[in-house]
4 protein chains.
Amino acid sequence: MAEGRRGAARSETARLAILEATARQFAGSGFDHLTMEGIAADAGVGKQTIYRWWPSKAALVAEALIEGMLLPDRFVPADTGDIRRDLADWLDDLFAFVGDPAHDTLVRSLFAVAIEHADVGTRLRENLGTSLVAARMDSAVAAGQIPPDAPRTEIVELLVGGVVFRILNRTPITPDTSGRLVAAVLGA
Amino acid sequence: MAEGRRGAARSETARLAILEATARQFAGSGFDHLTMEGIAADAGVGKQTIYRWWPSKAALVAEALIEGMLLPDRFVPADTGDIRRDLADWLDDLFAFVGDPAHDTLVRSLFAVAIEHADVGTRLRENLGTSLVAARMDSAVAAGQIPPDAPRTEIVELLVGGVVFRILNRTPITPDTSGRLVAAVLGA
Amino acid sequence: MAEGRRGAARSETARLAILEATARQFAGSGFDHLTMEGIAADAGVGKQTIYRWWPSKAALVAEALIEGMLLPDRFVPADTGDIRRDLADWLDDLFAFVGDPAHDTLVRSLFAVAIEHADVGTRLRENLGTSLVAARMDSAVAAGQIPPDAPRTEIVELLVGGVVFRILNRTPITPDTSGRLVAAVLGA
Amino acid sequence: MAEGRRGAARSETARLAILEATARQFAGSGFDHLTMEGIAADAGVGKQTIYRWWPSKAALVAEALIEGMLLPDRFVPADTGDIRRDLADWLDDLFAFVGDPAHDTLVRSLFAVAIEHADVGTRLRENLGTSLVAARMDSAVAAGQIPPDAPRTEIVELLVGGVVFRILNRTPITPDTSGRLVAAVLGA
DNA sequence: ACCTAAACGAGACGGTACGTCTCGTCTTTCT
DNA sequence: AGAAAGACGAGACGTACCGTCTCGTTTAGGT
């Protein structure tokens, strides 16, 4: 292999054990109670092995996110031909997840970290399916369901923002929440 | 005098010194680098005096917020008679503040804390002026600028959410951002 | 009453409650775990009332000792006419007290404090009955049981020293210990 | 090699720095003003490094004593053939040390700790040379200077006790003190 | 088959901050 | 004025983690 490295290769076993321990502890007790020593002990790994490959706790979380260990891999909008319904369904999925009390610690910690660490934020946005929703909007334009000059970027932005605001605000979710939000941005 | 308390009364001097130290350190280095010992030293106060009255760092931040030591007391929407313009101006104010690199640490830390601690969240929402905007929307309905059946709650929610999303997402703000967001929720 | 003092007189109730609390805590947990706050709480007294009248914990202990709240008021040597027997009996009393496991904390703390604080030391020596033993020695000289040139001061000193050394050394006491010590200083 | 230890070995440098700091502070201000934080700072060491290896301040003092950092390594009785003189000289050494005002804090604290902590007591007794004196007494018996049935153990006990009592009692030492004590236990 | 070198588990190290406890002082209210 | 109550500035306690630095052990190319 190209450049002649000597010595043992990076242990994939250790890498996964570390990320799994990270995910476990993060989901259980949140970012604040995440400790390098706890992860190392949980993963059965030396602390140095963590510091060798990751610069910070945020980096660990970001990678665990990428590996799909913290969130469903993606929230994917369907394409039934009815853009309103598809958007509302996607929002429902989102609200169901973030509104589940079992995920409360995880979700709050995750968004808090995302706000402070750009890499986690980028990754999280991706996991929420924003880019897929944007694509779905494009196809709705092509199908003539939305006027071409509709501010699509802003609409996606507002909808995801609405989700974040509900988390921030602890507003209880009702069955018609998604519909009302979609109506607010697409008109009645 | 009603209930006969004995012993020295709580020191208002100490209380303010502590909150000011909290605000100073928070604005300077964010929530993560906020330490009880640092605040105590900065305020010239014993640690116990802090623990006697506040249960956590988050409580300190919440109270500093209430005292108006962290944010402008309120972002207040104007009432020029033109609801679109007033909303856009209010958003511009908000974006100007949260987009200012000098406030980056403060803003990110504040929203991160708000997501994890309900009391900070409630207070922060108030400081952003959400309830004033809601009232402004009501008056716009009275003035016939918005149809009475417009989903006003959702609109406010989406707009603030949009701001939060921009923070999360680090999207650069352009001069027309506010107008575009308002247009997206109120129609063109 | 001579010099015209004004205001309330010192409360004897409080004084005794404080000394009793001191004795209780001292006997229970030793000097190290004696705290001003604990004494005040136990005595149902404000801390200032203690500080107003005593300069230190050692002073409290010394006074509790004087009040006879820590040790039997005095270890008194009998006068049966047989100086050897009287000394041995007195030593037996002493050993019985200091060797009792129930008094271990009390005794060790007391001697430790006595070594560091002259006032406690003086008072403790008095409580052990040293001056009475010296007097008993004098009468033994008068009775012709001890030669007049015997180093009486040194003998008392050595005997009490022997007791202290046994405490220091944790040597178990046997029934003949006292007799052997007396024999060592008075000859067989 | 036998039991496969892993991880870094204990740092002898740190160990000695800690004991030296302990000895320094102890000799300077006594046991009461000995603080773990002070020792750690003085030794340039983290507090945990102390707690990792020693359970208490007393244990630190005991080990500093063993290392000969607090007292002359041993008070050794000479053997000139004259047991009376040798004992008196040894006592003189002892009195010279414990009577020196420069050693007052050290000596009092040391004996106070010794009374409360068995391990310090054992070690202190050894440092005073008790076992060497006992051996010297044996050789005096062999040389016919002391009758074989003399209560040697008790004599050593009483002599050391006499020293402790003088400390407790703050009796000033005169040049003939040692001689008088020896005479009291060995006869004229 | 050796040799080197990197990664690994373990864990000691110098530090910082935690939240609690006690100190001795000061202030307030009551007696 | 004395006393009970209790807030205050100070600072040590013992613990938990931080990020770095040895240790010996294991693994895997070079030679």
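Quick caveat: nothing in here was measured; it's all calculated off a predicted structure.
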Quick one: on DNA chain E, does D/E12 or A/G46 contact a more 5' nucleotide (nearest heavy atom)? A/G46
Give the rounded distance in Å between these two atoms: CH2 of B/W54 and C1' of F/dC8. 13 Å
Rounded interatomic separation in angstrom, taking CG from B/D32 and P from E/dC18: 12 Å
Could you state the atom-to-atom distance from CD1 of C/I50 to P of F/dA5 in whole Å? 12 Å
Residue met sooner reading DNA chain E from 5', once A/A40 and D/A14 are mapped to nucleotides: A/A40
Here the distance between atom P of E/dT22 and atom CG of C/D42, to the nearest Å, is 13 Å
Can you give the donor-acceptor pairs under 3.5 Å from side chains of residues 38-45 of chain C to other protein atoms, not counting sequence neighbours?
{"unit_1": "C/D42", "atom_1": "OD1", "unit_2": "C/R24", "atom_2": "NH2", "d": "3.1"}
{"unit_1": "C/D42", "atom_1": "OD2", "unit_2": "C/R24", "atom_2": "NE", "d": "3.4"}
{"unit_1": "C/D42", "atom_1": "OD2", "unit_2": "C/Q25", "atom_2": "NE2", "d": "3.2"}

Applying ring-ring contact (aromatic ring centres under 6.0 Å, His included) to D/H33 and not counting sequence neighbours gives none
Just compare F/dA3, E/dC13, F/dA4 and give me whichever is closest to any side-chain atom of C/V45. F/dA4
Taking all heavy atoms of A/S29 and all of A/T105, pick out the closest pair and write down the distance. C-CG2, 3.7 Å
If the cut-off is 4.0 Å, is A/T49 near the phosphate of E/dG9, judged by side-chain N/O to OP1 or OP2? yes
Roughly how far, to the nearest 0.5 Å, is the OG1 atom of C/T22 from the CG atom of C/L65? 12.0 Å
Straight-line distance of C/F26 CZ to C/L110 CG, nearest 0.5 Å: 5.0 Å
With rounding to the nearest 0.5 Å, note down the distance linking CD1 in C/I18 to OG1 in C/T13. 10.5 Å
Polar atoms only, N or O, under 3.5 Å: list the protein pairs with nucleotides 12-16 of chain F and their distances.
{"unit_1": "F/dC13", "atom_1": "OP1", "unit_2": "D/M36", "atom_2": "N", "d": "3.0"}
{"unit_1": "F/dC13", "atom_1": "OP1", "unit_2": "D/K57", "atom_2": "NZ", "d": "3.2"}
{"unit_1": "F/dC13", "atom_1": "OP2", "unit_2": "D/M36", "atom_2": "N", "d": "3.0"}
{"unit_1": "F/dC13", "atom_1": "OP2", "unit_2": "D/E37", "atom_2": "N", "d": "3.0"}
{"unit_1": "F/dG14", "atom_1": "OP2", "unit_2": "D/Y51", "atom_2": "OH", "d": "2.6"}
{"unit_1": "F/dG14", "atom_1": "O5'", "unit_2": "D/Y51", "atom_2": "OH", "d": "3.4"}
{"unit_1": "F/dG14", "atom_1": "N7", "unit_2": "D/K47", "atom_2": "NZ", "d": "3.0"}
{"unit_1": "F/dG14", "atom_1": "O6", "unit_2": "D/K47", "atom_2": "NZ", "d": "2.7"}
{"unit_1": "F/dA16", "atom_1": "N7", "unit_2": "D/Q48", "atom_2": "NE2", "d": "3.3"}

Separation of atom CZ in A/F31 from atom C1' in F/dC18, rounded to whole Å: 14 Å
I want to check one thing: is the phosphate of F/dT25, taken as OP1 and OP2, less than 4.0 Å away from some side-chain N or O of D/R6? no
Interatomic distance where CD1 belongs to D/I18 and C1' belongs to E/dG15 [whole Å]: 14 Å
Assign each of B/G7 and D/A8 the nucleotide of DNA chain F bearing its closest heavy atom; nearer the 5' end lies the nucleotide of B/G7
Rounded to whole Å, how long is the line connecting atom CZ of A/R10 with atom C1' of F/dT27? 16 Å
N or O in side chain of D/W53 less than 4.0 angstrom from E/dG11 OP1/OP2: no
Using a cut-off of strictly less than 4.0 Å, decide whether C/R52 has a side-chain nitrogen or oxygen near OP1 or OP2 of F/dG2. no
Could you tell me if C/R10 sits above the aromatic ring of C/W53, with its cationic atom closer than 6.0 Å to the ring centre and no more than 45 degrees from the axis? yes
Could you tell me the separation between the CG atom of A/L16 and the P atom of E/dC8, rounded to a whole number of Å? 12 Å
